[in-house]
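Accompanying notes for the structure given below.
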Amino acid sequence: MDLRKQRLSQIEELREKGYEPYKYRFSKDYNSQQIKDLFDDRIKAGQLLEEMVFNYAGRIMTIRMHGKSAFVDLKDDFGRIQAYVRLDQVGEDRYEFFKKYIDIGDWMGIKGYPFKTKTGELTLLVQELELLSKAIRPLPEKWHGLKDKEIRYRQRYVDMIANDNVIITFRTRFLVTQYIREFLNERGFLEVETPVLQMIMGGANAKPFITHLNVYDIDMYLRIATELHLKRLVVGGMEKIYEIGKIFRNEGVSNKHNPEFTTLELYQAYADYNDIMNLTEELLYHVTTKIHGTSKIKYQGQELDFKPPFRKVKMCEFIKENLGIDILESSDEELKNFLKEQGQFVEIEDRYHYIDKIWDLVEDKIIEPTFVIDYPTEISPLAKRKRDDPRLTERFELIINGTELANAFSELNDPQDQFERFKKQMQLKELGDEEAQTMDLDFIRALEYGLPPTGGLGIGIDRLCMLLTDTPTIRDIIPFPIVKPMSFEDEEALLRDEEG
RNA sequence: GGGCCAUUAGCUCAGUCGGUAGAGCGGCUGACUCUUAAUCAGUAGGUCGUGGGUUCGAGUCCCGCAUGGCCCA
């Protein structure tokens with residue numbers, strides 16, 4: 001790694017001359033987007049705006065040397081701005097300093113006038129320049145960027161530097177949660193936090209991560225959902241609440257799954273699932289139009305429209321139409337035989353898994369945003385029974401592009417019914433279902449104090465962001481996705497590298 | 001878990017029939033005051049992922065392992 005040694009000796013030289021290559025601060029006046037917004041329309045090609053001088057800073061992406069002048073592209077989190085460094089503008093000493101000690105990858109701060117080149121590109125004519133931070137590792141190739149997916153995920157910071165779209169995608173991702181908060185706060189919801197470390201895992205059917213609490217010498221779980229604690233807060237009297245946070249499921253890694261991911265869960269007292277459907281439509285419409293300026297988006301070539309109202313289909317009817325089987329009227333035996341005919345098998349022999357598997361066969365037929373409503377009670381252990389049919393629950397999932405984006409129900413607030421549902425889940429656990437829910441007696445006790453009629457909603461934030469940024473894999477929307485650890489030998493090789 | 005593919009310079013990639021390694025970018029030296037994949041001249045840079053095997057000889061063929069990707073369950 002020659003380049004690293006060269007840069008290290010540059011740092012040494014600079015310090016000998018009394019110049020600190022890692023600065024403490026810089027007063028940046030505008031970001032690259034603001035500069036474009038301010039001046040793009042005001043300046044003509046070849047024109048200089050002498051009454052304006054201001055500070056800008058960013059990372060040097062390219063340097064085009066022309067002897068006594070140079071063009072430099074400075075990248076910040078909104079884009080790139082070109083700067084023009086000229087000997088006759090910065091003086092001989094500074095120009096020599098620039099040539100000798102400033103390289104691609106470094107952070108540089110400048111003071112300059114906005115102008116437009118002959119070719120019409122908005123540029124800053126540099127008057128003063130400072131090296132803000134020295135980079136001592138080489139950047140990936142400027143034209144092709146960084147393609148190696150292993151490096152892209154393991155060293156995301158390099159990916160972000162090399163591929164301009166990455167930072168844009170992450171900006172959008174974090175804007176999505178900002179707009180969700182904006183929308184909910186405006187409607188009187190309060191953002192709350194519930195424990196990540198839990199004694200009893202609940203609120204979903206999933207395998208947990210287990211950790212250990214030394215002080216009580218007990219195992220604890222990382223939460224697989226925020227549901228049961230949020231409902232306890234509603235029991236306690238908080239009527240409109242939400243939580244945006246990480247949950248953890250010890251399951252596979254795929255294009256749609258990362259072991260830790262982000263969800264929004266919200267609860268609204270006195271609401272039923274119809275109210276929550278309306279809220280969901282409005283929320284998604286709000287976020288989509290905020291991000292894209294329109295409710296219509298394109299995802300992997302597929303046109304999707306988030307304009308309410310979304311299509312509604314009844315879960316059992318949809319299955320009947322597509323597969324010809326009435327899951328409500330079929331016995332366990334008939335469901336099992338049907339799956340067998342389809343070439344499908346389930347590990348756990350139970351109605352819950354039969355229905356779950358049958359639903360899997362048709363889920364990907366739904367493309368445009370669609371509320372699938374009224375799920376069977378067996379597969380909805382936390383949802384309230386439908387008011388005119390106890391075999392069903394008042395539950396919906398929002399399916400988009402064949403994938404579950406949201407899950408919601410009129411919350412089950414009858415403690416006796418909830419107790420029976422938990423008992424059924426415990427039976428599944430005894431059959432070997434590791435993902436079955438656990439009896440949570442404290443939650444039952446909470447319900448016995450009275451949960452008001454309540455509507456609840458959960459949204460997978462990562463999947464929503466995938467849709468809104470046209471990203472095909474979840475790893476590209478999570479800044480630091482799970483990767484396998486490096487081998488001891490590889491780590492060692494890297495360490496030797498550091499010493500060189 | 002199964003199948004297929006990939007791993008060569010810091011990065012993006014070539015490498016023919018098995019005969020001791022190539023380009024572009026980046027780096028370094030030099031020229032150049034409106035370029036934008038700047039241009040021009042020169043130059044340095046490699047344990048070919050890893051461990052075995054076949055062979056007189058392996059980046060290339062065979063087997064194992066690691067990591068990644070794609071598809072399937």
Side-chain angles (χ1 to χ4, degrees), chain A residues 1-10 43-48 60-75 79-92 94-95 98-106 112-126 135-155 158-159 161-164 251-257 339 342-347 357 360-361 364 472-476 481-494 496-498 500:
Chain A
M1 268 257 269
D2 253 356
L3 182 134
R4 197 161 169 275
K5 283 178 191 157
Q6 287 159 14
R7 300 278 166 93
L8 284 172
S9 69
Q10 282 177 325
I43 306 178
K44 293 186 180 73
Q47 191 193 345
L48 172 72
I60 297 176
M61 299 308 292
T62 63
I63 299 175
R64 293 178 291 281
M65 283 300 304
H66 290 269
K68 295 184 180 64
S69 75
F71 288 94
V72 178
D73 289 337
L74 284 169
K75 175 180 171 174
R80 297 177 184 211
I81 287 281
Q82 179 174 260
Y84 189 31
V85 183
R86 284 171 63 126
L87 187 145
D88 61 4
Q89 297 288 319
V90 299
E92 210 162 311
R94 219 55 187 150
Y95 195 75
F98 168 76
K99 260 169 66 173
K100 198 163 180 192
Y101 296 113
I102 292 189
D103 299 290
I104 290 172
D106 294 352
Y113 297 104
F115 81 106
K116 269 192 182 168
T117 62
K118 290 196 290 205
T119 52
E121 174 154 355
L122 186 61
T123 305
L124 298 177
L125 181 61
V126 176
I136 59 176
R137 283 183 183 263
L139 253 42
E141 216 245 15
K142 65 179 173 187
W143 184 242
H144 296 93
L146 179 68
K147 288 191 176 171
D148 187 321
K149 292 206 176 171
E150 193 172 349
I151 302 176
R152 288 191 53 214
Y153 298 139
R154 285 187 196 278
Q155 292 177 262
V158 181
D159 185 29
I161 296 166
N163 300 319
D164 286 353
E251 294 162 11
V253 176
S254 79
N255 284 349
K256 285 181 186 174
H257 301 87
L339 279 169
Q342 298 283 318
Q344 300 289 328
F345 299 90
V346 291
E347 278 178 44
K357 194 82 191 175
D360 275 353
L361 299 175
D364 62 3
T473 71
I474 198 168
R475 271 191 298 267
D476 286 325
I482 295 268
V483 289
K484 276 202 192 180
M486 284 173 128
S487 72
F488 181 75
E489 288 77 15
D490 287 347
E491 294 276 17
E492 224 182 12
L494 266 180
R496 277 199 297 274
D497 219 44
E498 309 298 327

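The structure displayed is predicted, hence computed values, not measured ones. Note that these values count all heavy atoms, side chains included, but never hydrogens, waters or copies made by symmetry. So that the names make sense, note that chain A is the first sequence line, chain B the second, and so on, each numbered from 1.
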*Has the side chain of A:E121 got a donor or acceptor that lies under 3.5 Å from a partner of the other kind on the base of B:U36?*
yes
*Provide the Watson-Crick or G-U wobble partner of B:U39, both distances under 3.5 Å; none if there is no partner.*
B:A31
*What does A:F345 touch in the nucleic acid at a heavy-atom separation under 4.0 angstrom: a base, only the sugar-phosphate, or nothing?*
nothing
*B:A23 pairs with which nucleotide, Watson-Crick or G-U wobble, both distances below 3.5 Å?*
B:U12
*Return the nearest nucleotide to the side chain of A:E141; candidates are B:U36, B:G68, B:G24.*
B:G24
*Go ahead and name the base partner of B:U55; Watson-Crick or wobble counts if both distances stay under 3.5 Å, otherwise write none.*
none
*asked:* Between A:K68 and A:D88 (salt bridge meaning N to carboxylate O under 4.0 Å), is one present in this structure?
replied: no
*Has A:R475 got a side-chain N or O lying under 4.0 Å from the OP1 or OP2 atom of B:G69?*
yes
*Looking for any heavy atom pair under 4.0 Å, which part of the strands does A:L87 touch: base, sugar-phosphate only, or nothing?*
nothing
*Could you check whether A:I151 gets within reach of a base, just the sugar-phosphate, or nothing at all, counting any heavy atom under 4.0 Å?*
sugar-phosphate
*Atom pair CZ (A:F98) and CZ (A:R86), whose distance is rounded to the nearest 0.5 Å*: 13.5 Å
_Gap between atom CD1 of A:I43 and atom OG1 of A:T117 - 0.5 Å precision_ = 11.0 Å
*Does B:U7 have a Watson-Crick or wobble mate here (both distances under 3.5 Å), and if so which one?*
B:A66
*Starting at the 5' end of RNA chain B, which residue's closest nucleotide do you reach first, A:N255 or A:D88?*
A:D88
*Donor-acceptor pair, side chain of A:Y95 and main chain of A:S69, under 3.5 angstrom*: yes
_RNA chain B: 5'-proximal contact among A:G67 and A:K147 (nearest heavy atom)_ = A:K147
*asked:* Just the rounded figure in Å: distance from C1' of B:G27 to CD1 of A:I136.
replied: 15 Å
_Need one value for A:G145: base, sugar-phosphate or nothing, where a base atom within 4.0 Å counts as base even if backbone is also close, heavy atoms only._
sugar-phosphate
_So, does A:K484 get its side chain near the phosphate of B:U67, meaning an N or O under 4.0 Å from OP1 or OP2?_
yes
_To the nearest 0.5 Å, what is the distance between NZ on A:K256 and OG1 on A:T473?_
12.5 Å
*Can you find a donor-acceptor N/O pair under 3.5 angstrom joining the side chain of A:T117 to the base of B:U35?*
yes
*asked:* With a 3.5 Å cut-off and heavy atoms only, can you find an N or O donor on one side and an acceptor on the other between the side chain of A:Q82 and the base of B:U35?
replied: yes
